[in-house]
Amino acid sequence: MGLYATAMETMEAYTGLSPAAFFTIAAVMVVVYKIVCSMFVDPEEFDKKPINASGSMATNQPPPPQPQPPTIQEPVQLGDVTEEELRAYDGSDPNKPLLMAIKGKIYDVSRSRMFYGPGGPYALFAGREASRALALMSFDPRDLNGNLEGLSEPELEVLQDWEYKFMEKYVKVGQLVGTDQAVNGGDVQESEKHD
């Protein structure tokens with residue numbers, strides 16, 4: 001009996017728990033472990049066919065469905081588009097491509113819908129000319145335009161890096177037109193006004 005009492009006193013001294021609390025917690029931990037382990041399947045067991053009640057392998061079950069690759073539509077060339085027309089491609093209509101403009105060039109960013117689509121971290125840029133915002137690394141809606149006036153040389157370099165990334169990753173599908181200022185290769189130029 002002395003060994004039992006010594007063990008209980010030692011347990012209480014080291015854990016700060018009464019023996020009843022210690023064993024209750026230990027039992028709960030074992031139960032949780034068993035539940036969590038039952039949620040996972042051993043990879044070797046996963047590949048085995050299920051066995052029916054007669055002990056033979058079940059063959060009347062349909063094969064598991066094969067995952068289908070996501071359908072990626074080929075980018076549609078839009079040509080010349082106004083900023084107002086570009087806004088229709090902000091991801092709110094799932095049947096339309098997701099577009100974004102940098103330095104007046106429109107890119108199809110549909111393949112990155114998780115980033116630029118509704119709820120994505122960069123959804124603010126979709127359907128917009130985002131040159132100034134990208135150059136400034138800004139999420140301010142007032143910076144969503146192509147106006148590069150007043151940007152510093154380092155900010156213009158940041159924008160150029162963004163443009164190179166977009167040129168590598170996405171297909172150019174059009175060009176912005178019909179604004180008072182058009183961005184052309186980093187220079188702001190007056191464009192013709194269409195009345």
Side-chain angles (χ1 to χ4, degrees), residues 39-41 43-44 46-47 63-195:
M39 291 179 186
F40 299 98
V41 177
E44 293 175 8
F46 184 75
D47 291 336
Q66 297 296 320
Q68 297 296 323
T71 56
I72 298 176
Q73 297 176 347
E74 288 296 317
V76 177
Q77 293 295 320
L78 294 180
D80 294 342
V81 176
T82 66
E83 284 192 55
E84 194 60 39
E85 291 170 330
L86 178 61
R87 292 211 176 125
Y89 298 93
D90 64 355
S92 56
D93 183 350
N95 297 321
K96 289 185 178 179
L98 196 56
L99 305 180
M100 181 177 155
I102 296 178
K103 293 170 72 172
K105 298 174 187 127
I106 302 170
Y107 295 92
D108 185 332
V109 296
S110 300
R111 66 192 297 186
S112 297
R113 189 167 289 275
M114 67 186 129
F115 295 110
Y116 297 102
Y122 304 113
L124 178 72
F125 301 138
R128 304 295 296 266
E129 162 52 91
S131 296
R132 187 172 192 84
L134 291 172
L136 297 172
M137 305 294 279
S138 170
F139 286 93
D140 186 341
R142 294 175 293 191
D143 290 328
L144 286 172
N145 59 63
N147 182 2
L148 304 182
E149 291 179 27
L151 294 179
S152 68
E153 192 61 36
E155 291 166 337
L156 291 172
E157 288 175 14
V158 167
L159 178 59
Q160 188 62 50
D161 287 343
W162 276 108
E163 184 179 22
Y164 288 147
K165 287 175 188 171
F166 271 68
M167 290 167 64
E168 286 177 19
K169 188 171 183 178
Y170 305 113
V171 176
K172 179 184 173 215
V173 296
Q175 184 78 26
L176 281 179
V177 296
T179 59
D180 290 342
Q181 291 182 334
V183 181
N184 185 6
D187 300 323
V188 178
Q189 299 177 345
E190 289 295 319
S191 67
E192 297 178 17
K193 291 189 179 183
H194 303 285
D195 294 322

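Hydrogens, waters and symmetry mates are skipped; everything else that's a heavy atom, side chains included, is used.
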Check your understanding: What heavy-atom pair brings Gly117 and Ala123 nearest, and what distance separates the two atoms?
Key -> O-CB, 3.1 Å

Check your understanding: What distance separates Leu124 CG from Leu144 CG, expressed to the nearest 0.5 Å?
Key -> 4.5 Å

Point to revise | Set of side chain to side chain donor-acceptor pair (under 3.5 Å) partners for Asp93, sequence neighbours left out | key: none

Review point. Got a salt bridge between Glu84 and Arg87, using NZ or NE/NH1/NH2 to carboxylate O under 4.0 Å?
Key: yes

**Study point:** Residues Leu134, Met100; criterion side chain to side chain contact (heavy atoms under 4.5 Å, CB included); working and verdict
**Key:** CA-CA 12 Å; Leu134 291 172; Met100 181 177 155; 3.8 Å; yes

**Study point:** Trace of the side chain to side chain contact (heavy atoms under 4.5 Å, CB included) decision for Lys169 with Val109
**Key:** CA-CA 9 Å; Lys169 188 171 183 178; Val109 296; over 6 Å; no

Review point. Are any side-chain N or O atoms of Glu129 and backbone N or O atoms of Ser131, one a donor and one an acceptor, separated by less than 3.5 Å?
Key: yes

Revision key, fill the gap. Taking every heavy atom of Tyr116 against every heavy atom of Ala126, the minimum-distance pair comes out as O-CB, 3.3 Å

**Study point:** Arg132 (side chain) donor-acceptor with Asn145 (main chain) under 3.5 angstrom
**Key:** no

Check your understanding: Once the angle between the rings of Phe139 and Tyr122 is folded into 0 to 90°, is it parallel (under 30°), tilted (30 to 60°) or perpendicular (over 60°)?
Key -> parallel

Check your understanding: How would you list, by chain and number, every residue that makes a ring pair (Phe, Tyr, Trp, His ring centres under 6.0 Å) with Tyr107, sequence neighbours excluded?
Key -> Phe166

Exercise for review: Apply side chain to side chain contact (heavy atoms under 4.5 Å, CB included) to the pair Leu78 and Leu99, showing each step before the final yes or no.
Suggested key: CA-CA 10 Å; Leu78 294 180; Leu99 305 180; 3.1 Å; yes

Review point. If only atom types and distance count, is the side chain of Glu83 paired as donor or acceptor with the main-chain N or O of Arg128 below 3.5 Å?
Key: no

**Study point:** Gap between atom CG of Leu176 and atom CD1 of Ile106 - 0.5 Å precision
**Key:** 4.5 Å

Point to revise | Test item: side-chain donor near acceptor, Glu163 and Gln160, under 3.5 Å | key: yes

Exercise for review: Give every residue pair that meets the ring pair (Phe, Tyr, Trp, His ring centres under 6.0 Å) criterion with at least one member in residues 75-97, sequence neighbours excluded.
Suggested key: none

